[in-house]
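In what follows, every chain begins at residue 1, and chains take the letters A, B, ... in the order their sequences are listed. All values derive from a computational prediction rather than experimental measurement.
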Amino acid sequence: MKAIALFLTLATVLPTLAEERPAYRVIVHPENPIQTVERRFLADAFLKKSSHWPNGEAIRPVDLESESSVRRRFSQDLLKRTTAAVRIYWQQRLFSGRGVPPPELSTDAEVVRYVLKHRGAVGYVAGTADVGGAKVVAVD
Amino acid sequence: MRLSFRAKLIALVAVAALAFLVLAAVGTLYSLRVRDHLERIQALHLPRLELGPKLEGQVEKLSRAFQDASAAKDADMLAQTVDLKQALLDDLAGAGRIVGAAEAAALRGAIEDYHAAATGVTRRLIAGETGEALVDAMEAMQGKHAQVTAILVRGFHVDREGLARDFDTAAQEQINATRIRLLITAICLGVVMLLSYLIGRGVLGSLTRLTEGFGRFGQGRFGEPIPITTRDELGEVSRQANQMAHQLQEAADVRARSDWIKAGFAGLTVELRGELLPKEVASRAVGFIARYLDVPAAALYWSSRAGVLELLGHHALAPGAAGPVPSFRPGEGLVGQAALGEKLMLVEEPPADYLKVRSGLGESAPRAIALLPLLRSDKVMGVLELALFRPWTEEASELMLHVRESLAIALEVARTSAETKALLAETQELNARLATQEEELRTTNEELQTQQEELRQTNEELTQQAEELEVQRRTLQEKNLELDDARRVLEERAKELATVSAYKSQFLTNMSHELRTPLNSMLLLSQLMSENEEKNLTDKQVEFCRTIYSAGKDLLGLINQVLDLAKVESGKQEIKIERVALQGLIERAQRMFQPLARDKGLTFTAELAPGLPEAIQSDHQRVEQIITNLAGNAIKFTERGGVTLRISGMGSQVALAVTDTGPGIAPEHQGRIFAPFEQIEGNTDRRHGGTGLGLTIAKELAMLLGGELRLESTMGKGSTFTCVLPLEVPKRVEKVVAAKVEARPEPVAQRTNGKPAPPLLDDRGGLDAGDPCLLIIEDDRIFGETFAQVIHGQGLKCLLAADGKSGLELARQWKPRGIILDVKLPDMNGFEVMNGLRADPATEKIPVHFVSAVDDSERGLAMGAVGYLTKPATRRDLVRVVEALVPKRTVRTTRILVVEDDVLMGDSVVRQLTSEGLEVRRVAAAAAALEALRDERFGCMILDLSLPDMDGLELLEKIRAQSGPDMPSVVIYTARALSKEEAQRLQSYTDAVVLKEGHSAERLLNEVRLFVRRLKEGLVTRPAPVRRLHPSELHLEGRKVLVVDDDMRTMYALSATLRAKGVEVFSADTGRAALEVLAQHPEVEAVLMDIMMPEMDGYEAMRRIRANELFKKLPIIALTAKAMKGDEEKCLEAGASGYLPKPIDAERLLALLQERLTRTGDA
């Protein structure tokens, strides 16, 4: 009885905890006027199916390294596929000349730096990470 | 057009062939050019189609190898990419000749670069490198890949535009070739058509001209030749045609000249036809020749007998000084000169003053003169001279030479004929004079001859007439002789026939007598025995007796039928025409045959077809006899099924058909079936009794009634006998006694409903007791009253009763002398009435006669009726009924018959007699008198001897023959003085003769009164009626009866019958013996007298018996087998008091005997 009561309690409490502390945050260059971004737009940007922001700036996505848990969570949530699947996707496109993958960076700080460096960049960092001057946008 | 047809046609064909050659050449040229284009396409573009995709596929394969290697992070796999690259480069080695060496080298370099870059990137990936530098390397590698792709797309893919261009060029070439061919074809066609048209036009023109030319030649216009416009074959034809036309023209000219000459010759011949004088011949000949040759003047000189040429005729030459010279000698002048030669002489250009042809307007000299000697038998007979204005023509001279001989002959003939004519005229004059004299002589001679001829003819006619007369006289004599012979032969034949007929008649009579006599005894004895009164016979024996009796009866029937047949065949059968109701026939047949058929297990139906008249006019009795015979026959021969009688119409005839389901009659027997005594042998085996006469009689009767009998039969199925009768018997049957059918007026009483029936018209009121009267019991009022009239006619009174009850009452009250009884009465039937009468002692002895439409005579007679008459009845029948009830002898009447042809005299006599209270009937003629006497009764007759149709004496004889002992008294009332002989003859008939004079009427009346008184005093007592008695009623014991018969069998049978009743019998075998017996035994009370006997017959015997005063009242009953008409009368006349026909019915005999004996006892 106690175990069931505990499970019920966890089931109701955990989602609430996750919402309050997101696993990652999406960041863009501070001059990017966008406030919220649609999940599908974000997915297309990272798979390079969309190439420009609404204001005409070229999109420059940037990934964390493939072993990162944040990246795994991000792929799962936004791209709706595993990191491995994303890698195969890019290998197919790479040698047939149809496109190159976003650069993979090892740390959140490198990602923030890359975002602040390129006006059209977009990236993600862990929820706890310092975004510096980058602009965090809400994913809708 | 100077060319021949052949050349033109060859040119045409050559043009066409050239055109085809050009066409073929152009076609071939363009085909080659198109092929060049297509080859270029094949060489240039097709290899690229293969090479480009192949290289692309290999590049793709190379990139996949890199991908796989990076995915697997395997360096070995990366090494394999070198092999792939090398294979790609090897393939590329041969591509130089396709895309050019420069392109191939560029592609080679690009591939090497891409391979190097890709290898680098892959190595870095395998090494796990990440970051922006790697991404830059990747982008560089992708640039190389894009370069490879660009070179492949640019140089190694199909040049689409080039290909399309080359195809367009080839198609354009094709279109150009087609256009050029079309153009060349059109030009060639144009040229060929133009050539054809030109050639055709030339030929057509030539042909048209030829046709026209031939047309002209056909019409005879040879002068206009066909124009020759060409030198070709048609030109040649035209030329030949023209030549032909020319020849035809020449032939026509020759013929025209010949015709002209012939016409001239013929014209001259026509001109000289007929009997002409030489001068006429000459002038006509000259005129004709001048006209025909159109010469202005001509003259003809003819050598005379003296040899001088004289002018015989001329034309258009004026006489006178300047005229023609009248004569020439031979050798003198031109004429004379011409006469010396034989040839035609032509003098051209004579001198101007030589000869002038003159007309009213002027004169001119001819241009030439022609002199033609006329030859006959090479001898010059004359000269014809012609003056010419025109040149002399060949034809003219030819004509002249032709003509001259005939002209000479004509002139010669004319001259000769003129001379002959002159001689002939002289001879004719002499002849004429001779002829006149001869004519006169001939006339005289002819007159003489004519006279002589006439004389001769007259003589001949006379002779001929005399001969004819002689011949006629002889013929007449011969004919007369022949006629005499024929007449004698006929007379002999007639006599023979009459004798034969008489023999036959006599034979039949005797035969029937001889047959009936033994039969009589047989019947009597067998009947007697069957009664078995002495009870000494066994039942079997009684049965035998009955059989004998019935066989005898059958035999009797046969004899009767034979007699009937004989009568019919000899034409003695009388028929009486009356109304025969068809429904009645049906009913009668049903009544008669239904029981018979039922007994035999058969059905019998009788039916009447619709649409028939109610009745026919025929002899009722005979018709019934036919039906009886046919139906009886049918039932007899039918074992199963039934018999049908059907009466139906057949146009104006009625068919009585009797159909049975019997054995039928074979066709071969059908003819024989109507012969007498025929039955079909074999299958019927004569097992049916009967005579075989029935059908024969039926047939004869049918013929007698003007009809016929037919038979249709099928073996085993049955037969149909059809009797066809006319609706009315034709008048040809001479023996027909037209029965006076009672005209029955419509029953008035029945028609006027509601009115009470008027009282019966009878004599109830004026009837005294004892007056002889008859009672009629009859519900049919009309019939009753008719009957009453008949009775009144018999001088009797009568009573009428309409029903049985009143009839019985009247009978008791008035005791009539006889009763006429109908069977169908409203309250009871006639038989019951009869029983009622017999039951009452007051009426039991009154004789009764049935008269009814119901035929049940057997029952009626069995009840003791005197007779039975079947309606419809004739007046004669009714008279007979009255006679049977009240014989004439028994009742005398005071009715008087006046036979007087003078109306005034008759009326006055009738008035006087009527005023005396007497009943009078007046007739004006003898025939009417006879009829009245036959049908009515009169006490007295007043007779005028002078009657219109018969002498009085003759009438009296007839009356005696007709009436016999019933003849009334006669008073002769006549204005005629009678001779002594007449008076004597009258004595035997009459006792009073009154002459018509002064007071004769008074004397006549006295005579009549005397007669009436005598009559009333001598009234005979009425006789008791004959009736049948029951055997138990017979009281004959001890009576003495004499039986007279020569036949011992009859004698024995009668004696036995009588002795059985206790009668004492005396016998005699002849009339003479009978007289002797009577003399010895005067106590004999009655005599039975046979008629046919040897020595003395029955008539004589009876007369002798009556002659004896002692035996005046002795009852004598005559017995005779001659059941012929008149027998009974003869017997009664001879003195018999009764009569019985043979064979004798024992019961009847005994009853009659009893009655007679009782009566004499009473008297």
Engaged part of [X] at the chain A interface, taking heavy atoms whose separation is under 4.5 Å:
X        : answer
B:Ala146 : neither
B:Val59  : neither
B:Met141 : side chain
B:Leu134 : neither

**Prompt:** Between A:Gln92, A:Glu110, A:Arg98, which has the largest tally of heavy atom pairs under 4.5 Å with chain B?
**Reply:** A:Gln92
**Complete:** With chain A, the option among B:Glu139, B:His145, B:Glu60, B:Gln67 that has the most non-hydrogen atom pairs under 4.5 Å is B:Gln67
**Prompt:** Is a salt bridge present between A:Asp63 and A:Arg71, judged by a nitrogen-to-oxygen distance below 4.0 Å?
**Reply:** yes
**Ionic contact status for B:Glu129 with B:Arg123, cut-off 4.0 Å** = no
**Message:** Before we go on, tell me: are the rings of A:Phe41 and A:Trp53 under 6.0 Å apart, centre to centre?
**Reply:** yes
**Prompt:** Is B:Glu39 atom CD crowded by more than 12 heavy atoms from other residues, nucleotides or ligands, each under 6.0 Å away?
**Reply:**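 For B:Glu39, atom CD is crowded (more than 12 foreign heavy atoms under 6.0 Å).
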**Request:** Give a yes or no on this: more than 12 heavy atoms of other residues, nucleotides or ligands lie within 6.0 Å of atom CZ of B:Arg64.
**Result:** no
